[in-house]
Amino acid sequence: MKQFELGIYSLGERIPDANGNSRTAQSRIEEIIQMAKMADEAGLDIFGVGEHHRLDFVTSSYAMLLAAIARETKNIKLTSTLSVISTADPVRVYEDFATLDLLSNGRTEIILGRGAFLESFSLFGASLNDYNELFEEKLNLFLKLQEQEVVSWQGNFRSPLRSAQIAPRPVQKKLPLWIGVGGTPASAVRAGRLGLNMALGLLGGRPESVKPLTDLYWEAAREAGHDVSELRVSVTGHSYIAKTGEQAITEFLPHYNQYFHYFSKDRGYPHYHTSAEQLTPQRAPGQILAVGSAEELAEKILYQHELFGHSRFMGQFDMGGQPLARVEKAIDLLANKVAPIVRGALSK
């Protein structure tokens, strides 16, 4: 059995705080690099950066940011969380991440998906009418690039490739590839059928509602003849850890509310506000939101492991402007408190 992995990721948002102040893009980028260094030094397994193309994010060139992180870290794996392959050129994405693998000496992974934000469609001239077809075609092309150094290919949404040399090649024979899945059963089935790892983005609710999705994934992989012992599922989502569960709620809540209020307003949804009384029950093992003490988070991960069979957890600790000093403490708790409990329980 593969060792259970734990890590963190950032989407790089720089939304205004309660006083209307936003950090500069430069300071936010530096903060993300510092987070990655902290995670590496603490001994976490994986650090991710998500792709966004808006003024209130700093991660449009996420591969370049990961490259900077690669030169500031030694051991931690680096991944996208996630790459919006539907509106990108798979050749360019492959070249970027193969280069990242060379820069990091083989520490690169990639999560491909559609993303929860749609700004890249108009920005790069893609039509939402082709939403499914774009993803299918570009994913299949990326898989072909993984297999062949010289590629001939033709599709509907990109110019043909005729004996194209795809360079450089990474340190690893293949870049570890994950498919980002929200709540769509067809996406879980596709990932399983193709024999690709599945990265679940879970924001709330009860894990029992997600179990049918992971069941479909494992079933599709088995039916396609893949060795499921070689496949992995990860859980990613909003997260925060403090010394006690009460402290975690107190420190997390204002930033959680600020984050959702900002994006609810941006999308024309009603004002978003959660009270401490409403959020406190989310600390229970049978709830997805990964907020609480180290012991509570470990219990939550173990409970989900029984349902999903997953072997990786990644938390978004910096959402809503959480101060870096608090993020550092949460990283320490994840590495030195949560990880030993989870791994000890799973090794029995």
For this session: Quick one: do S152 and R162 satisfy side chain to side chain donor-acceptor pair (under 3.5 Å)? Show the steps, please.
Result: CA-CA 4 Å; S152 294; R162 296 187 176 90; over 6 Å; no
Problem set entry | Worked check of side-chain contact (heavy atoms from CB on, under 4.5 Å) between V93 and L145 | CA-CA 10 Å; V93 174; L145 302 175; over 6 Å; no
I want to know whether [X] and [Y] have ring centres closer than 6.0 Å.
| X | Y | answer |
| --- | --- | --- |
| F313 | F308 | no |
| Y131 | F121 | yes |
| H238 | Y259 | yes |
| F47 | Y9 | no |

Exercise. Would E246 and R283 count as a salt bridge (Lys or Arg N to Asp or Glu O under 4.0 Å) if you check the C-alpha gap in whole Å, the side-chain angles of each, and the deciding distance to 0.1 Å?
Worked result: CA-CA 9 Å; E246 293 80 7; R283 289 161 48 194; 3.6 Å; yes
[X]-[Y] side chain donor-acceptor pair, cut-off 3.5 Å:
| X | Y | result |
| --- | --- | --- |
| S275 | Q278 | yes |
| E30 | Q26 | no |
| T236 | R312 | no |

Charged N to carboxylate O below 4.0 Å: is that the case for [X] and [Y]?
| X | Y | result |
| --- | --- | --- |
| K77 | D45 | no |
| E223 | R193 | no |
| R28 | D318 | yes |
| E13 | R54 | no |
| E147 | K144 | no |
| R190 | E136 | yes |

Are the side chains of [X] and [Y] in touch, meaning some heavy atoms are under 4.5 Å apart?
| X | Y | value |
| --- | --- | --- |
| M314 | V235 | no |
| L6 | R343 | yes |
| T214 | M198 | yes |
| S22 | I15 | no |
| T99 | P168 | yes |
| L196 | L143 | yes |
| E299 | P285 | yes |
| V338 | I301 | yes |

Search all heavy atoms of [X] against all heavy atoms of [Y] and return the closest pair with its distance.
| X | Y | result |
| --- | --- | --- |
| A39 | I331 | CA-CG2, 3.9 Å |
| S293 | I241 | C-CG2, 3.7 Å |
| L203 | G237 | CD2-CA, 4.5 Å |
| Y303 | G286 | CE2-CA, 3.8 Å |
| R169 | A98 | C-CB, 4.3 Å |
| S209 | P212 | O-CD, 3.6 Å |

Between [X] (side chain) and [Y] (backbone), is there a donor-acceptor pair under 3.5 Å?
| X | Y | value |
| --- | --- | --- |
| T280 | E277 | no |
| T59 | G50 | yes |
| Q172 | T108 | yes |
| E51 | S60 | no |
| E137 | F157 | yes |
| T184 | A186 | no |
| Q322 | F317 | no |
| K300 | L289 | yes |
| Q316 | L11 | no |
| H305 | H310 | yes |

Exercise. Could you walk me through whether F117 and H53 pass the ring-ring contact (aromatic ring centres under 6.0 Å, His included) check?
Worked result: CA-CA 9 Å; F117 289 71; H53 300 269; over 10 Å; no
For this session: Would you please test D89 and R158 for salt bridge (Lys or Arg N to Asp or Glu O under 4.0 Å) and show each step?
Result: CA-CA 8 Å; D89 179 356; R158 190 204 184 282; 2.9 Å; yes
Exercise. Relative to each other, are the rings of Y62 and F97 parallel, tilted or perpendicular (30° and 60° limits)?
Worked result: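 Tilted: the ring planes of Y62 and F97 meet at 30° to 60°.
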Between atom [atom1] of [X] and atom [atom2] of [Y], what is the distance when rounded to the nearest 0.5 Å?
| X | Y | atom1 | atom2 | answer |
| --- | --- | --- | --- | --- |
| R92 | D96 | CZ | CG | 4.5 Å |
| S187 | L216 | OG | CG | 11.0 Å |
| S104 | I69 | OG | CD1 | 11.0 Å |

Problem set entry | Identified side chain to side chain donor-acceptor pair (under 3.5 Å) partner of R107 from the options N75, D40, T73 |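 Result for side chain to side chain donor-acceptor pair (under 3.5 Å) with R107: T73.
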Problem set entry | E31: which of K37, R14, R23 passes salt bridge (charged side-chain N to carboxylate O under 4.0 Å, His left out) |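 Of the listed options, the one satisfying the test is R23.
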For this session: Just do the ring-ring contact (aromatic ring centres under 6.0 Å, His included) check on F57 and F263 with the steps written out, would you?
Result: CA-CA 12 Å; F57 288 83; F263 288 112; 5.7 Å; yes
For this session: Check whether V151 and I85 end up in the same hydrophobic cluster, where Ile, Leu, Val, Met, Phe, Trp and Tyr are linked by side-chain heavy atoms less than 4.5 Å apart.
Result: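 Yes, V151 connects to I85 through the hydrophobic network.
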Exercise. Would the number of heavy atoms belonging to other residues, nucleotides or ligands and lying under 6.0 Å from CG of L128 be above 12?
Worked result: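 Yes, CG of L128 has more than 12 neighbouring heavy atoms, counting only those of other groups under 6.0 Å.
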For this session: For the pair W218 and V233, evaluate side-chain contact (heavy atoms from CB on, under 4.5 Å) and give the outcome as yes or no after the intermediate values.
Result: CA-CA 9 Å; W218 293 118; V233 169; 3.6 Å; yes
Exercise. Could you go step by step and tell me if M319 and Y240 meet the side-chain contact (heavy atoms from CB on, under 4.5 Å) rule?
Worked result: CA-CA 9 Å; M319 67 179 296; Y240 188 70; over 6 Å; no
Problem set entry | Cation-pi geometry met for R114 and F135 (6.0 Å, 45°) |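 Judged by the rule (NZ or CZ under 6.0 Å from the ring centre, within 45° of its axis), R114 counts as positioned above F135.
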Problem set entry | Check against salt bridge (Lys or Arg N to Asp or Glu O under 4.0 Å), K138 and E133 | CA-CA 8 Å; K138 293 192 175 188; E133 293 82 2; over 6 Å; no
